[in-house]
Amino acid sequence: MSETTSPAEAGGLRYDFAAAEPRWQAEWDARDCFAVPDVPPADRPKYYVLEMFPYPSGQLHMGHVRNYTLGDVVARYKRAQGHAVLHPMGWDAFGLPAENAARERGSDPARWTMDNIAAMRGTLKRLGLSLNWDREIATCLPDYYGQQQTLFLDMLQAGLVERRDALVNWDPVDQTVLANEQVVDGKGWRSGAVVEKKRLSQWFLRITAFAPDLLSALDGLESWPERVRVMQAHWIGRSEGARVSFALTAPAGGVKSVEVYTTRPDTLFGMSFLAIAAEHELAAIVAATDPEAAAFIAECRSLGTSEAAIESAEKRGYDTGLRVAHPFLDGVSFPVWIANFVLMEYGTGAIFGCPCGDQRDLDFARKYDLRVPSVVSAEDGPDPALRDFPGDVAYTGAGTLIHSGFLDGLSTDAGRKAAIARLEEIGAGRGVVNWRLRDWGISRQRAWGCPIPIIHCLSCGAQPVPRDQLPVRLPDDLDFARPGNALDHHPTWKHVACPRCGAAATRETDTCDTFVDSSWYFARFTAPRAETPTVRAAADGWLPVDQYIGGIEHAILHLLYARFFTRAMRATGHLGLDEPFARLFTQGMVNHESYRDADGTWLYPDEVERGGAGAVRRDTGAPVSVGRIEKMSKSKRNTVSPEAIIDRFGADTARWFVLSDSPPDRDMEWTEAGVIGAARFGQRVFRLVSAVAETIPAGPSADVPAGTSADAFGGAADTLRRATHRAIEAVTEAMEGFAFNVAVARLHELASALSEAGQQARSVELDWARREAAERLCLLIAPMMPHLAETLGALLVPGGALVAQSSWPKPDPALLAARRVTIAVQIMGKLRGTIEALPDEAAETVIAAAEAEPNVARLIEGKRVVKRIHVPNRIVNLVIAG
RNA sequence: GCCCGCCUGGCGGAAUGGUAGACGCAGCGGACUUAAAAUCCGCAGCCCGUAGGGCGUGCCGGUUCGAGUCCGGCGGCGGGCACCA
């Protein structure tokens with residue numbers, strides 16, 4: 001022993017994670033532990049676990065660590081349970097950041113992306129995730145997006161793709177279309193230019209064709225979080241109502257009537273006006289001869305669609321002077337307004353205003369002093385005697401119809417049906433179902449995306465690229481120095497011959513929304529190198545994804561698009577099922593305290609020394625104010641780098657910590673103390689198990705030695721065995737329930753039990769029990785701390801099987817019950833004492849013992865016990881009279 | 001405004017209608033050490049106290065022998081959606 005032996009080493013072995021972790025990762029690789037064939041093996045049940053694949057920003061963050069650790073625990077657990085586990089990883093690799101980087105520092109987007117992927121792949125590998133790396137895909141590679149182009153053409157052929165004009169947010173400086181969330185206060189988020197509404201020809205995927213099914217199938221997704229299903233249902237937004245045609249009293253520009261959509265045909269007698277959207281065709285007709293109307297329409301358009309604009313915009317309108325006849329009232333007509341709160345995109349772009357039953361209509365009517373007939377009477381509604389509705393709060397509830405002609409006296413529900421029946425009878429309207437969901441516009445004026453495989457010919461129109469010319473590859477010499485779409489102004493790329501007539505034509509230069517890329521990657525993973533989008537045997541074998549894990553932020557769009565794609569791929573023969581994700585788990589965020597300097601500068605956690613009471617700067621000792629605990633973000637600098645944590649503590653510690661304490665679906669707080677606690681536990685397990693490996697020779701493992709029954713053990717050995725088997729049961733149950741924080745707690749308990757047993761006098765039985773406990777502990781922690789588990793497994797049974805290839809332990813039922821049980825004794829439901837009993841002891845015996853318990857006996861002395869409740873092994877409750 | 005979720009010690013949290021607070025973090029006490037670190041052991045909801053008792057899972061009420069758990073109402077916090085007719 002040298003004199004430089006560290007105190008830690010002198011005090012016992014110390015687990016060297018930095019050496020062990022890469023070694024086991026290499027070993028798993030060498031033995032191909034996590035590979036599975038394209039078609040799942042028939043001898044085992046399949047299990048497909050998938051985490052949402054990351055965007056290759058360049059750095060893995062703690063949210064990823066949490067997400068992928070959760071998935072890996074499931075993957076390793078299911079593998080140990082005997083499943084063939086598909087657990088792949090890939091990259092959502094198209095998107096704007098690569099173009100921005102190209103603009104800002106002249107990098108090539110492909111190069112930038114692939115470098116980022118390499119860096120992040122490195123971190124993922126350091127985490128020891130049990131991934132099928134040979135199935136890795138990146139959506140920016142032609143292997144992937146070429147197959148996506150095939151899907152696009154198949155959908156086009158199947159009538160699921162359409163080209164049509166649509167209004168988009170146009171940034172005149174960047175010369176690009178912006179998504180709604182990229183428009184801030186009516187201005188482009190990058191350029192700051194005022195965003196214009198522009199009509200462009202766009203490609204649409206007909207998601208609305210599946211709207212009824214996407215809605216009704218939500219009911220079958222029982223293993224999805226309720227709130228995700230609710231959000232999707234609302235997004236799809238089915239409503240029942242009527243289309244009603246209002247005849248103009250005098251035709252305008254050839255238009256004779258205006259059609260509206262309403263969910264309240266029962267309130268037709270409460271009509272006060274008709275309002276159309278600024279983009280409505282009738283508005284354009286009016287504007288042609290009325291400059292004031294034209295000015296109003298222009299004003300509406302300039303308001304934009306940003307949320308801020310909508311929120312602050314008050315209801316405004318312009319009276320066109322036109323009038324429409326009421327369908328039920330002869331000779332009665334109402335004015336036609338252009339109103340800024342009527343949306344062209346929903347329904348028919350026109351409404352009939354019934355101010356008493358709709359807050360927006362009421363606001364509008366009050367502003368312009370229009371009549372407000374009262375047509376619904378209810379207990380909490382307005383006075384039924386009034387013909388004009390009072391106040392500024394509309395009554396939107398159910399009730400009885402009044403002042404409504406043939407509908408008088410009907411309930412609002414019955415009135416709806418009666419009104420529709422009459423409308424249909426007189427040919428003025430019909431009952432319809434309307435949807436809030438709109439078709440999915442996928443065209444993006446960006447170069448770094450999947451090219452849409454279309455060629456535009458002046459004489460033949462939009463032509464699909466012939467299949468044998470796929471993939472339509474992106475050029476590798478894109479120039480991002482100019483604003484606008486680099487694909488569009490590439491010197492040669494778009495110039496091709498029309499596949500039909502051979503004349504000079506141009507390629508579609510729009511690329512797909514990146515949500516398209518992530519809508520089918522889960523299917524591609526089942527046969528990632530195939531020359532077709534999917535291989536049915538592989539897809540049919542592995543799908544659906546048994547467990548999908550990711551952030552709640554994708555509750556609507558990504559998950560809805562993936563559900564749509566699955567149906568569209570079924571319709572085109574690429575898949576054989578409707579629902580891609582059998583179970584969905586949405587994990588919480590990783591939060592951290594934020595810190596600010598005296599002058600308000602945000603500080604990184606590394607720069608701060610955290611004391612009990614407050615915090616100071618590490619370098620200067622100056623006080624630091626501790627801010628809110630919030631989501632890790634670069635701007636607040638409250639981030640912790642996974643690489644740095646793995647360097648300091650190892651992957652197992654990082655994994656263990658993100659699983660401890662907080663349930664996976666809730667937000668967790670990352671703390672230094674928490675990581676250190678996790679590291680300490682790893683070391684503790686290492687000490688405990690290596691002590692067993694050193695002092696107790698290998699031998700018994702799976703079964704109790706011949707001729708020995710569970711009852712052969714007594715004293716400390718029995719206590720430990722029962723603790724071991726109860727832990728197996730409890731950890732298994734926690735794993736099944738996604739309660740990894742509870743699994744962690746049960747493993748702490750098992751470690752404590754093993755530690756306690758190590759302090760008892762040795763015996764053959766106790767040695768045996770300790771070895772059993774150590775071996776089981778090693779298997780039980782393996783999904784969470786796989787490297788440590790392998791290290792311990794090798795110590796316990798040198799030359800034995802890899803823990804990654806070992807089976808999940810099963811508890812011995814005979815050892816699940818305690819030797820003695822503690823039974824609570826209550827009087828009138830209040831705890832008054834406890835007694836010890838044998839498990840499942842007869843009720844009379846237990847009750848007698850309960851009544852004999854000194855404190856209980858004292859309290860029931862002289863009282864009459866009228867009822868005795870006995871819950872076996874748990875409780876006795878005595879009900880006394882008086 | 002509408003919809004959804006949550007509310008338990010100093011903190012994260014645990015608990016098939018059956019001893020509320022498992023397990024961990026922080027804290028306190030002790031052992032080991034010249035000392036510290038590491039490690040190990042113990043204490044710990046609040047209040048009064050010797051025994052023992054009272055109060056406690058946001059608040060009010062109900063069902064039950066028994067409620068954190070089930071039901072009704074109220075409050076607070078968080079999230080989603082939002083001129084969707």
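Hydrogens, waters and symmetry mates play no part in the numbers below; they use all other heavy atoms, side chains included.
Taking a cutoff of 4.0 Å between a charged side-chain nitrogen and a carboxylate oxygen, A:R238 and A:E240 qualify as a salt bridge. For the pair A:R229 and A:E226, the salt-bridge criterion is met [side-chain N within less than 4.0 Å of a carboxylate O].
Contact annotation: A:R874 side-chain N/O to B:rG66 OP1/OP2 distance is not under 4.0 Å. Between A:R229 and B:rC3 there is no side-chain N or O to OP1 or OP2 distance below 4.0 Å. A:Y346 has a side-chain polar atom (N or O) that falls below the 4.0 Å cut-off from OP1 or OP2 of B:rA85. Between A:R684 and B:rC40, a side-chain N or O to OP1/OP2 separation shorter than 4.0 Å is present. At the phosphate of B:rA82, OP1 or OP2 sits under 4.0 Å from a side-chain N or O atom of A:R436. At B:rA38, none of the side-chain N or O atoms of A:R680 fall inside 4.0 Å of OP1 or OP2 (strictly under the cut-off). Taking side-chain N and O atoms only, A:K830 has no distance below 4.0 Å to OP1 or OP2 of B:rA67.
Within the nucleic acid shown, A:V342 comes within 4.0 Å of at least one base atom, counting heavy atoms only. Using a 4.0 Å heavy-atom distance criterion, A:V879 is classed as a sugar-phosphate-only contact. If you check every strand for non-hydrogen atoms under 4.0 Å, A:Q759 touches sugar and phosphate atoms only.
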Distances for protein N or O near nucleotides 46-52 of chain B N or O, under 3.5 Å:
from, atom 1, to, atom 2, distance (Å)
B:rG52, O3', A:R858, NH2, 3.2

Please enumerate all protein N or O atoms sitting under 3.5 Å from an N or O of nucleotides 20-23 of chain B, with distances to 0.1 Å.
from, atom 1, to, atom 2, distance (Å)
B:rA22, O2', A:R746, NH2, 3.4
B:rA22, O2', A:E749, OE2, 2.8
B:rA22, N3, A:R746, NH2, 3.0

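Between A:R227 atom CZ and B:rC6 atom C1' there is a gap of 10 Å when expressed in whole angstrom units. What separates CG of A:L218 from P of B:rC4 is a distance of 15 Å, to the nearest Å. Residue A:E345 contributes atom CD, which lies 14 Å from atom P of B:rA85 at whole-angstrom precision. Nucleotide B:rC11 holds its C1' atom 15 Å from the CG atom of A:N591, rounded to whole Å.
A distance of about 10 Å separates the C1' atoms of B:rU69 and B:rU57, rounded to the whole Å. Spacing of P atoms, B:rU50 relative to B:rG42, comes out at 26 Å, to the nearest Å. Nucleotides B:rC60 and B:rC11 are separated by 29 Å at their C1' atoms, to the nearest Å.
Residues A:M668 and A:F341 both approach RNA chain B. Their nearest nucleotides, taken by heavy-atom distance, put A:M668 toward the 5′ side. Looking at which nucleotide of RNA chain B each of A:T348 and A:S662 is closest to, the 5′-most match is held by A:S662.
Atom CD1 of residue A:I645 and atom CD of residue A:E672 lie 6.5 Å apart, to the nearest 0.5 angstrom.
When both distances must be under 3.5 Å, the Watson-Crick or G-U wobble mate of B:rG78 is B:rC4. B:rU19 makes up no base pair with any nucleotide shown, lacking Watson-Crick or G-U wobble contacts both under 3.5 Å.
Taking the six-membered ring for Trp, A:W337 and A:Y318 have ring centres at least 6.0 Å apart. Between A:W670 and A:F657, the distance from one ring center to the other falls under 6.0 angstrom. Between A:F364 and A:F341, the gap from one ring centroid to the other is short of 6.0 Å.
Of the possible polar contacts, none joining the A:N741 side chain to the A:S660 backbone as a donor-acceptor pair under 3.5 Å is found.
Comparing B:rC84, B:rU19, B:rC40 by their closest approach to the side chain of A:I875 singles out B:rU19.
Closest approach of A:A278 and A:A283 over heavy atoms only: O-CB, 3.5 Å.
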